[in-house]
Structure formats: structure tokens, C-alpha cells
Amino acid sequence: MPNLLPELEAERSQILRQFTTLGDLRTGSICAVARRCGKPTCHCAKPQDPGHDPQIRLTRKVEGKTVAESFSSPSAWRKAQSEIDEYHRLQKLSAQLIAVNEKICKHRPLESEGSPWTPEEKKRLRRSMRRSPAK
Ligand SMILES: [Zn+2]
């Protein structure tokens, strides 16, 4: 089997370098909500009407509740959009980092093969089993 470790480790450092390029980021998502003025005689009161200019809103979860914010200006919206894009980049990078690390763990050879458990290790193992009960 070819030794893939150097290649995988290079890939990992490349991903880690990209983390340092992340800028301002925030969670949330932006959506456009059709606005209805509420006047019964207005065209927007008809069911098939697209409504008035859509209102752009940022929604995000705060302590389990969804909070909505609207934007004071197009530039506030563009700023938030790029911050959210940056957050998505972070998520993608973390997923890549985890994936490459899992491959590295699988390919990393043991430092030494065949030495039996020492009494000290057995004790530690028993302690850790008590801490995390089997699911
Ligand atoms: Zn209206």
C-alpha cells in the first residue's frame, strides 16, 4: 500500500491555511418576503398577487428562537450577505478538515506493534469505560 500520509498531511495544511483567510462571519440566512400592505382594496390583497417590493430579511436562531432583522440599506444587506457567505465557507472548510483528518487517522501507522497492555493502561481503560456508559 502506498504511503498516502505525506499527501494527506499536505492537504490538511492547505485546508488549515484557508482558515486564516476567513473574514467577518455570521450565522443566519437571508430571504425575501413578499410584503402586503394590508389595505383590502389594494392589488396585494388578491391571493395570486406577488405583493409589493419584497422585504429582505435576515433570520437567525438565537437560543432556539428564530429572530428576523430587516436591512436599513442595500449596502447593509450586501454586507450581511457576504458575512453569511463567509460562515458557509467556514462550514465547508470544517467538513473538509474533518474528512481529511479521518483519512489521516486511518492511515497513521501504530508507533509500535504488539506490546501488551500495561497494568497502567488497563486501569485507565477501565476508568474511561466507567465514565462513558455503553449506548
Ligand atoms: Zn398593497
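Position 1 is the first residue of the sequence, and the numbers go up from there. Counting starts at 1 for both ligands and their atoms, in listed order. A quick note: this is a predicted structure, and the numbers were derived from the prediction, not measured.
Sorted by first and then second residue, the salt bridge (Lys or Arg N to Asp or Glu O under 4.0 Å) pairs involving residues 48-75 (not counting sequence neighbours) are Arg26-Glu69, Arg60-Glu69.
Screening the protein for N, O or S atoms under 2.8 Å from the Zn ion (ligand 1) yields 4; no waters enter the count.
Linking ILVMFWY side-chain heavy atoms closer than 4.5 Å, directly or via other members, places Val100 and Leu22 in a single hydrophobic cluster.
The ring-ring contact (aromatic ring centres under 6.0 Å, His included) test applied to His88 returns no partner, not counting sequence neighbours.
Between Thr59 and Ala68, the closest heavy-atom pair is CG2-CB, 4.0 Å.
When side chains are defined from C-beta on, Arg35 does not count as touching Cys44, because their heavy atoms never get closer than 4.5 Å.
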Side-chain polar contacts of residues 12-19 - donor-acceptor pairs under 3.5 angstrom, sequence neighbours left out - could you list them?
unit_1: Arg12; atom_1: NH1; unit_2: Asn101; atom_2: OD1; d: 2.7
unit_1: Ser13; atom_1: OG; unit_2: Glu9; atom_2: O; d: 2.8

